[in-house]
Amino acid sequence: MILGLNHITIAVSDLERSLKFYQETLGFTAHAKWDNGAYLSVGELWFCLSHDEPCPKTDYTHVAFDIEPNEFEAFAKRVVSLGVEVWKQNKSEGQSLYILDPDGHKLEIHSGSLKSRLESLKTKPYSGLVWL
């Protein structure tokens, strides 16, 4: 039986640049680095950078990271002021900042939960929504 998310690995073209972005810009904790990769963490999540050739990202697939509501505004302003590219404007429940990492990986910084999202769907349902 699957217990949950174990780790996320992303391909990065420049390990040092990505390590700096995730550590300094987003605040992840770095643990180890080697020739072709690095291990970081954010909260309880294990996050791996793997030196490789990232493929183009043209669909909506993205990774969302949690942030406390009272920290969102200052964090978002700081990240945007650093020139991080925003790829989408938020139209959903909760506060979200949609940004690209140095290799174009789509990230979301989100203040909210599955519970709050489901509650919002009771008043603003998606087209074709079916409760399971």
Under 3.5 Å donor-acceptor, [X] side chain and [Y] backbone:
X      : Y     : answer
Asp103 : Ser13 : yes
Ser41  : Glu44 : no
Ser18  : Leu15 : no
Arg117 : Glu93 : yes
Lys106 : Asp59 : yes
Asn90  : Gly94 : yes

Report the distance from atom [atom1] of [X] to atom [atom2] of [Y], rounding to the nearest 0.5 Å.
X      : Y      : atom1 : atom2 : value
Gln95  : Glu108 : CD    : CD    : 11.5 Å
Ser120 : Lys115 : OG    : NZ    : 13.0 Å
Leu49  : Asn36  : CG    : CG    : 12.0 Å

Answer whether the closest heavy-atom distance between the side chains of [X] and [Y] falls below 4.5 Å.
X      : Y      : result
Leu121 : Lys124 : no
Tyr22  : Ile10  : yes
Leu107 : Leu97  : no
His31  : Phe47  : no

Can [Y] be reached from [X] by stepping across I, L, V, M, F, W or Y side chains whose heavy atoms are under 4.5 Å apart?
X     : Y      : result
Val42 : Leu100 : no
Tyr60 : Ile99  : no
Val86 : Val84  : yes

For this session: May I ask you to decide if the ring planes of Phe28 and Phe65 are parallel, tilted or perpendicular, using 30° and 60° as cut-offs?
Result: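 The rings of Phe28 and Phe65 stand perpendicular, inter-plane angle above 60°.
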
Exercise. In terms of ring plane angle, is the pair Trp87 and Tyr98 parallel, tilted or perpendicular, where the classes change at 30° and 60°?
Worked result: perpendicular

For this session: Test salt bridge (charged side-chain N to carboxylate O under 4.0 Å, His left out) on Glu16 and Lys33 and set out the steps.
Result: CA-CA 9 Å; Glu16 291 301 324; Lys33 177 181 84 162; 2.6 Å; yes

For this session: Inspect the surroundings of NZ in Lys88 and state if more than 12 heavy atoms from other residues, nucleotides or ligands are less than 6.0 Å away.
Result: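 It does: Lys88 NZ has more than 12 such atoms within range.
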
For this session: For Lys57, look at atom NZ and say whether over 12 heavy atoms of other residues, nucleotides or ligands are found less than 6.0 Å away.
Result: yes

For this session: Output all residues satisfying ring-ring contact (aromatic ring centres under 6.0 Å, His included) with Phe21, sequence neighbours left out; order by chain, then residue number.
Result: none

For this session: Could you pull out the closest heavy-atom pair between Asp52 and Ala11, with the gap in Å?
Result: CB-CB, 3.7 Å

For this session: Applying side-chain contact (heavy atoms from CB on, under 4.5 Å), run through Thr9 and Tyr39 and close with a yes or a no.
Result: CA-CA 9 Å; Thr9 299; Tyr39 288 147; over 6 Å; no

Can you list, pair by pair, the side-chain donor-acceptor contacts under 3.5 Å of residues 66-82, counting residues two or more places apart and other chains?
unit_1	atom_1	unit_2	atom_2	d
Arg78	NH1	Thr25	O	3.3
Arg78	NH2	Thr25	O	2.5
Ser81	OG	Lys77	O	3.4
Ser81	OG	Arg78	O	2.7

Exercise. Leu5 and side-chain contact (heavy atoms from CB on, under 4.5 Å): which partner among Ile8, Ile2, Leu3?
Worked result: Ile8

